[in-house]
Amino acid sequence: MSYGLDKSSTGFTSDENQAFFSALWPADRFSGRTAFEGLVRSTITPSLTYNTVNNPFQPTRGKSFSLYLQLTGGPLLGGGANIFRPTVEAKWFKPVNKGRNTIGMRGLFSFVSGFGGLQPPVFDRQFIGGEDSIRGFDIRLITPLALTTFERTERVPVLNPDGTPQIDPITGQDVLRDQKRYYSSFQFVGGDTQVVYNLEYRIPIMGPVTLAPFFDIGRAWVMRRAALTVADNSTAGLVVLEDGAFRPVRAGEEVQVIPGTDKWRASTGVELQIIMPVVNAPFRLIFGYNPLRFNEFVPNPTGAAPIPIIFEKRSDIRFSVGRTF
């Protein structure tokens, strides 16, 4: 059993990104504080592990099973977040080819949820991808995506019939008026559930050098849809198109995930591993090919050109240190 206490703040890639998550986790009604500033988490994690793996650095046989039950906050632990996260992980190693090679497998399941009227912070949601999960994808890239539209008011020039801006005769400046603009952008939502499966066939070449063909597959998705409903005191400026006109998103309405962005992703390829005796971990050169990925154009709610979501690569080469499992 372990205990952790931390205080954190969250930065965002854009104003729209912050507004999106603020719609789901708005400021406290009384203090005005948000879950993104000075968030204190008090966490206890009971765990149970069964392990017969013969070597923690270069395993060739054995199996392990681990169960973690992370509990954050609540009346017992306090803090500003209430989180429940059960995680199950299993590993299995078997020598083959007269003990010269090794087959290794890892399976992982994790679920995260808030309770007591609070949602998990954005960084506690499930994002997978990277050398520790699905190797051919960028770190934390695999996640459900949402396409959100925001209303903004801008000051724009008033134009004459010939297209030239009108000039104020007193100030000599352009005459301006308020005009509503609508912007759509996709958001990395993060799942509440993830499943990851890894398979490796490790072939020692010479000395500390090993060749390891691999196959990884995984998925992050939202099982608890209540986590994507707009809070009742949200002022994030989210709008939705209805009957040809935009209206504010109402409290209790659900933010829709883009279909297909929560589907399975898979990567296969080969690793070149070199064990360094000082750190007892392999330096890895990873060649990955991604047969399952999401690269598509999605309709733009504002009626503008479709929005491309094309950042998942078909193949990739990476350098890393450590092991996937």
Side-chain angles (χ1 to χ4, degrees), residues 10-25 112 120-152 181-197 215-225 227-230 236-242 246 249 253-269 286 288-318:
T10 304
F12 295 89
T13 57
S14 66
D15 292 341
E16 289 77 18
N17 187 232
Q18 182 169 354
F20 168 71
F21 284 107
S22 296
L24 306 181
W25 300 280
V112 63
V122 55
F123 52 81
D124 270 313
R125 296 184 64 80
Q126 311 278 18
F127 299 84
I128 58 178
E131 293 76 29
D132 64 343
S133 57
I134 311 296
R135 277 166 272 200
F137 293 83
D138 288 339
I139 185 171
R140 295 173 64 87
L141 183 67
I142 300 174
T143 166
L145 298 175
L147 185 60
T148 52
T149 303
F150 300 88
E151 179 183 282
R152 296 288 184 264
R181 302 276 192 184
Y182 298 95
Y183 301 91
S184 294
S185 60
F186 59 83
Q187 311 294 337
F188 289 75
V189 174
D192 57 25
T193 310
Q194 68 162 311
V195 173
V196 174
Y197 172 78
F215 175 76
D216 300 334
I217 189 169
R219 182 187 179 199
W221 73 99
V222 179
M223 184 181 296
R224 186 173 174 268
R225 308 299 301 185
L228 295 184
T229 54
V230 175
L238 287 172
V239 296
V240 64
L241 187 63
E242 183 177 84
F246 286 98
V249 174
E253 289 188 325
E254 182 180 316
V255 175
Q256 298 297 317
V257 170
I258 299 173
T261 59
D262 57 355
K263 70 178 183 180
W264 293 89
R265 308 297 208 281
S267 179
T268 187
I286 305 170
Y289 174 78
N290 306 327
L292 295 181
R293 60 189 184 127
F294 185 92
N295 272 359
E296 297 181 15
F297 285 80
V298 298
N300 191 325
T302 66
I307 299 176
I309 303 179
I310 51 175
F311 43 75
E312 296 182 6
K313 301 176 183 177
R314 174 63 71 184
S315 60
D316 199 12
I317 301 176
R318 292 184 172 274

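Index from 1, following the sequence.
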Sequence neighbours excluded and cut-off under 3.5 Å, please list the side-chain donor-acceptor pairs for residues 12-21, or say none.
residue : atom : partner : partner atom : Å
S14     : OG   : N17     : N            : 3.0
N17     : ND2  : Q187    : OE1          : 3.0

Q | Chi angles and distances behind the ring pair (Phe, Tyr, Trp, His ring centres under 6.0 Å) call for F188, F311 | A | CA-CA 12 Å; F188 289 75; F311 43 75; 5.6 Å; yes

Euclidean distance, [Y] [atom2] relative to [X] [atom1], rounded to 0.5 Å:
| X | Y | atom1 | atom2 | result |
| --- | --- | --- | --- | --- |
| R293 | I142 | CZ | CD1 | 12.5 Å |
| E253 | L228 | CD | CG | 13.0 Å |
| D192 | D124 | CG | CG | 12.5 Å |
| F215 | T268 | CZ | OG1 | 6.5 Å |
| T143 | R125 | OG1 | CZ | 8.0 Å |
| Q126 | M223 | CD | CE | 10.5 Å |

Q.
Working note: Y182 + F150, criterion side-chain contact (heavy atoms from CB on, under 4.5 Å); need CA distance, chi angles, decisive distance, verdict.
A. CA-CA 6 Å; Y182 298 95; F150 300 88; over 6 Å; no

Heavy atoms, side chains only, cut-off 4.5 Å: are [X] and [Y] in contact?
| X | Y | value |
| --- | --- | --- |
| L147 | I307 | yes |
| V222 | T193 | no |
| I309 | V298 | yes |
| W221 | V195 | yes |
| P301 | S184 | yes |

Looking only at heavy atoms, which two atoms of [X] and [Y] are closest? And how far apart?
| X | Y | value |
| --- | --- | --- |
| G218 | I134 | N-CD1, 3.5 Å |
| G191 | P144 | N-CD, 3.7 Å |
| L292 | F137 | O-CZ, 3.2 Å |

Q | Pair D216-S267, side-chain hydrogen bond (donor to acceptor under 3.5 Å, both in side chains): steps then yes or no | A | CA-CA 5 Å; D216 300 334; S267 179; 5.3 Å; no

**Q.** Residue of the set V257, T261, V189 for which side chain to side chain contact (heavy atoms under 4.5 Å, CB included) holds with L145
**A.** T261

Q. Quick one: ring-ring contact (aromatic ring centres under 6.0 Å, His included) partners of Y183, sequence neighbours excluded?
A. none

(Q) Assess the residue pair I317 and I286 against the criterion (side-chain contact (heavy atoms from CB on, under 4.5 Å)); give the C-alpha distance rounded to whole Å, side-chain angles, the decisive distance to 0.1 Å, and a yes or no. (A) CA-CA 6 Å; I317 301 176; I286 305 170; over 6 Å; no

Q: Go through the steps to decide whether T149 and L238 satisfy the test side-chain contact (heavy atoms from CB on, under 4.5 Å), and finish with yes or no.
A: CA-CA 6 Å; T149 303; L238 287 172; over 6 Å; no

Q) Do side-chain atoms of R219 reach the backbone of W264 as a donor and acceptor pair under 3.5 angstrom? A) no

Q. Does S185 offer a backbone N or O that forms a donor-acceptor pair with the side chain of T148 under 3.5 Å?
A. yes

Q: Considering only NZ, NE, NH1 and NH2 on the basic side and carboxylate oxygens on the acidic side, decide whether E312 and R265 come within less than 4.0 Å.
A: yes

